[in-house]
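See structure below.
Chain naming here is simple, since letters A, B, ... match the order of the sequence lines and numbering starts at 1 in each.
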Protein chains: 2
Amino acid sequence: MAGPTLRDVAKRANVSIRTVSNVVNGYAPVSDELRARVQAALDELDYRPNLIARNLKQGRSGMIALVVPELDVPYFAELAREVITAARARGYVVMVDQTDGDVERERELLGRNSRATMFDGLLLSPLSVTAEELRARGHRVPIVLLGEHIFNGSFHHVAIDNVSAAREATAHLLALGRRRVAAIGDQPYATGETAQLRTSGYRQAHAREGLEVDERLIVPTPRFHRRQGATAMEQLLTLPEPPDAVFCYNDLLALGAMRALTRAGLRVPDDVAVVGMDDIEEGQYSTPSLTTVAPDKKEIARMAVDVLMESIGGTPRPPAEIVVPHRLIVRESTTGQAPAVPT
Amino acid sequence: MAGPTLRDVAKRANVSIRTVSNVVNGYAPVSDELRARVQAALDELDYRPNLIARNLKQGRSGMIALVVPELDVPYFAELAREVITAARARGYVVMVDQTDGDVERERELLGRNSRATMFDGLLLSPLSVTAEELRARGHRVPIVLLGEHIFNGSFHHVAIDNVSAAREATAHLLALGRRRVAAIGDQPYATGETAQLRTSGYRQAHAREGLEVDERLIVPTPRFHRRQGATAMEQLLTLPEPPDAVFCYNDLLALGAMRALTRAGLRVPDDVAVVGMDDIEEGQYSTPSLTTVAPDKKEIARMAVDVLMESIGGTPRPPAEIVVPHRLIVRESTTGQAPAVPT
DNA sequence: CACTATGTCTGCATCGTTGCAGAGCCCTCA
DNA sequence: TGAGGGCTCTGCAACGATGCAGACATAGTG
């Protein structure tokens with residue numbers, strides 16, 4: 001089972017362990033003849049370095065962990081892809097874990113026996129655990145927060161400007177002449193900070209147009225899945241004056257809402273226009289295709305990994321809030337116009 | 001940066017390193033008084049065990065790797081979720097990596113300096129690398145193959161019965177009275193073994209009904225993304241006698257195909273019925289919702305992890321091909337009937 | 001020719017943890 | 001009283017690799 005070690009190779013080539021190590025790593029000059037002899041032994045035994053041992057000696061593992069609530073939520077899957085790619089470019093591999101939004105699971109990360117010590121750094125997209133709590137618990141491993149929770153000065157944090165993003169999405173609907181614009185996805189409680197930012201963008205857009213917000217049009221949802229979007233939409237349709245547009249706090253909610261609208265026999269965007277957030281690929285292929293606010297995921301991943309690398313590298317900057325650009329992508333669900341080709 | 005070690009704690013509590021280790025692990029009996037003293041020191045220093053050192057000593061890491069072509073392909077994301085859950089139940093964590101279907105990246109896994117040595121086992125969903133090649137290269141780590149490639153006797157392999165699955169999907173379309181059933185996703189070359197199995201199921205379904213297959217209705221696609229589905233569908237629509245149904249080799253192709261149909265002004269399923277494979281969540285919320293063949297992903301993940309654990313545990317069984325159940329889920333894209341509630 | 005510089009190669013210590021074997025100590029029982 | 005046994009606790013070695021300092025041989029210099 002266990003493979004050959006440096007010692008085995010050294011014995012076979014009749015050299016010191018250290019020399020084999022040097023050949024493997026190309027660290028020190030080794031004469032051609034000896035190198036050949038060692039290389040032969042390496043090949044014959046099919047030597048593979050034991051990375052765990054190397055890690056122990058070097059005090060680093062070359063691994064970072066990415067912790068997200070749910071990996072099968074497209075936004076996180078797409079983000080994970082970018083993080084893996086970005087980390088790879090820096091010579092790191094990524095361990096992906098999901099917490100299912102379970103506070104306990106998120107807390108485990110910080111606990112006494114957490115696996116966190118195995119990693120050089122942590123990228124965390126927390127759902128339930130608060131930054132306060134994160135700070136309170138000891139942490140020995142550099143952490144960068146992704147997308148969720150507001151800045152509290154304790155951690156690096158990479159996200160888009162949620163208020164502007166939501167304001168622009170809502171403004172787009174208002175500019176189309178819609179006057180009863182609903183919002184799906186508010187979370188008026190402690191861990192719903194991101195959702196609250198979006199609600200406040202939604203309000204700002206109305207305020208700038210001098211419009212009142214009908215509070216009944218703001219529908220909170222505990223989670224951001226298709227199902228909640230559908231349910232919220234159904235609920236909105238029972239209002240005496242149903243909405244003529246909906247701003248959903250992510251694309252999954254929007255897709256669920258569109259599904260509910262279609263089922264109710266309504267047309268998108270003719271009867272109700274729909275906007276989402278996240279720009280998941282699915283929204284390009286839905287019927288109708290989905291207008292959305294696209295965060296620059298590549299950039300989020302790249303910045304997060306970069307900042308984490310810096311923290312690991314030992315030049316820790318003071319915690320910074322890094323704002324990544326976003327842009328509104330207009331598709332059929334608000335204009336009825338098919339864009340030329342799905343991008 | 002570096003945290004306190006057992007030695008630091010031992011010094012503080014004025015006991016031997018070994019005793020601290022015993023307290024941490026609960027291995028040996030320790031008197032209450034001493035345990036309290038050690039525990040106090042542990043708490044004061046906020047000791048966290050160095051898992052890398054533990055791993056080195058114990059010769060296992062408690063990590064397995066899951067390697068998939070693309071993490072943002074919903075099927076793989078959903079599978080990854082199940083694998084992570086299944087592994088977690090067995091006390092393992094999962095490192096997820098993606099190869100982008102790049103042969104080189106897949107080969108790296110097996111190379112001299114592969115990270116594979118860091119893991120106790122490997123779950124591999126290969127796209128380009130052949131099982132032959134996998135076998136040819138040395139591998140010291142237990143490997144279980146997922147879903148792709150046919151059995152060649154060298155590895156454990158977990159998958160559904162692709163031939164039956166494709167046959168049932170096609171038969172469903174034929175049973176609805178469709179007579180020009182197209183197939184999107186064939187891959188008539190070395191690494192397209194899974195696709196070929198599906199094509200052969202497609203042919204079997206026709207044969208059982210005594211029907212000829214129009215070869216022009218079989219459209220190969222290099223990859224299984226929405227875009228290829230749309231392109232293939234567009235191509236099919238240019239035929240003198242376009243199809244009245246399509247069997248797509250996965251759900252993404254099917255969603256792309258539906259998008260192309262809608263854009264061409266055709267109705268699903270009235271003009272063209274569509275079936276996919278994989279049962280990704282997106283298909284429950286598409287318009288129309290998507291009829292599909294659902295592999296039991298939970299079971300795939302569970303079996304794969306179980307078999308891998310066995311191999312790791314040192315009771316290696318001879319490589320087995322494990323067939324996991326699947327079932328046809330009928331939705332609007334073939335019958336026009338909305339199921340009661342998206343499940 | 002003595003002396004330093006250079007180029008190769010090696011042994012020892014170490015990373016932080018756990019396995020193993022055994023040292024004390026106290027208690028029990030013949 | 002003394003042998004035997006159980007309970008605690010400890011030191012040493014080892015997992016497999018790398019950092020460091022130095023040994024040795026050869027080459028270069030005045």
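Contact annotation: A:Asn25 side-chain N/O to D:dT18 OP1/OP2 distance is under 4.0 Å. Of the side-chain N and O atoms in A:Ser21, one or more sit less than 4.0 angstrom from OP1 or OP2 of D:dT18. B:Ser31 has a side-chain polar atom (N or O) that falls below the 4.0 Å cut-off from OP1 or OP2 of D:dC9.
Formation of a donor-acceptor pair under 3.5 Å by the A:Gln98 side chain with backbone atoms of A:Leu71 is found in this model. Judged by distance alone, with hydrogens and angles left aside, the side-chain atoms of A:Asn50 form a donor-acceptor pair with the main-chain N or O of A:Ile52 at under 3.5 Å. Between the side chain of A:Ser311 and the backbone N or O of A:Val307, at least one donor-acceptor pair lies under 3.5 Å.
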>> B:His225 vs B:Glu70, test: side-chain hydrogen bond (donor to acceptor under 3.5 Å, both in side chains). Steps then yes/no.
In response: CA-CA 11 Å; B:His225 288 192; B:Glu70 291 168 292; 2.8 Å; yes
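A:Leu34 comes within 4.0 angstrom of the backbone, heavy atoms only, and of no base. Among the protein residues, B:Asn22 comes within range of the nucleic acid bases, having at least one heavy atom under 4.0 Å from a base atom.
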Pairs: protein N or O with nucleotides 11-16 of chain C N or O, under 3.5 Å:
| unit_1 | atom_1 | unit_2 | atom_2 | d |
| --- | --- | --- | --- | --- |
| C:dT14 | O2 | A:Lys57 | NZ | 2.8 |

Produce the list of close N/O pairs, under 3.5 Å, pairing protein atoms with atoms of nucleotides 23-27 of chain C; give distances to one decimal.
none

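For B:Asp296 and B:Lys298, the salt-bridge test fails: no basic side-chain N is under 4.0 Å from an acidic carboxylate O.
Taking each heavy atom of B:Ser114 and A:Leu51 in turn, the nearest pair found is O-CD1, 3.6 Å. For the pair B:Leu122 and B:Val141, the tightest heavy-atom approach, listed with the atom from each and the gap, is N-CG1, 4.1 Å.
Atoms CG (A:Asn55) and P (D:dC15) sit 18 Å apart, rounded to a whole Å. B:Ile52 has its CD1 atom 14 Å from the C1' atom of D:dG16, to the nearest Å. Counting to the nearest Å, the P atom of D:dC15 and the CG atom of A:Asp8 are 10 Å from each other. A:Arg60 has its CZ atom 12 Å from the P atom of D:dG19, to the nearest Å. The nearest whole Å value for the distance from the CG atom in A:Leu45 to the P atom in D:dG16 is 14 Å.
For the residue pair A:Arg18 and A:Asn22, a side-chain donor N or O sits within less than 3.5 Å of a side-chain acceptor on the partner.
Take A:Arg88 and apply the side chain to side chain donor-acceptor pair (under 3.5 Å) test, not counting sequence neighbours, and it matches B:Glu108.
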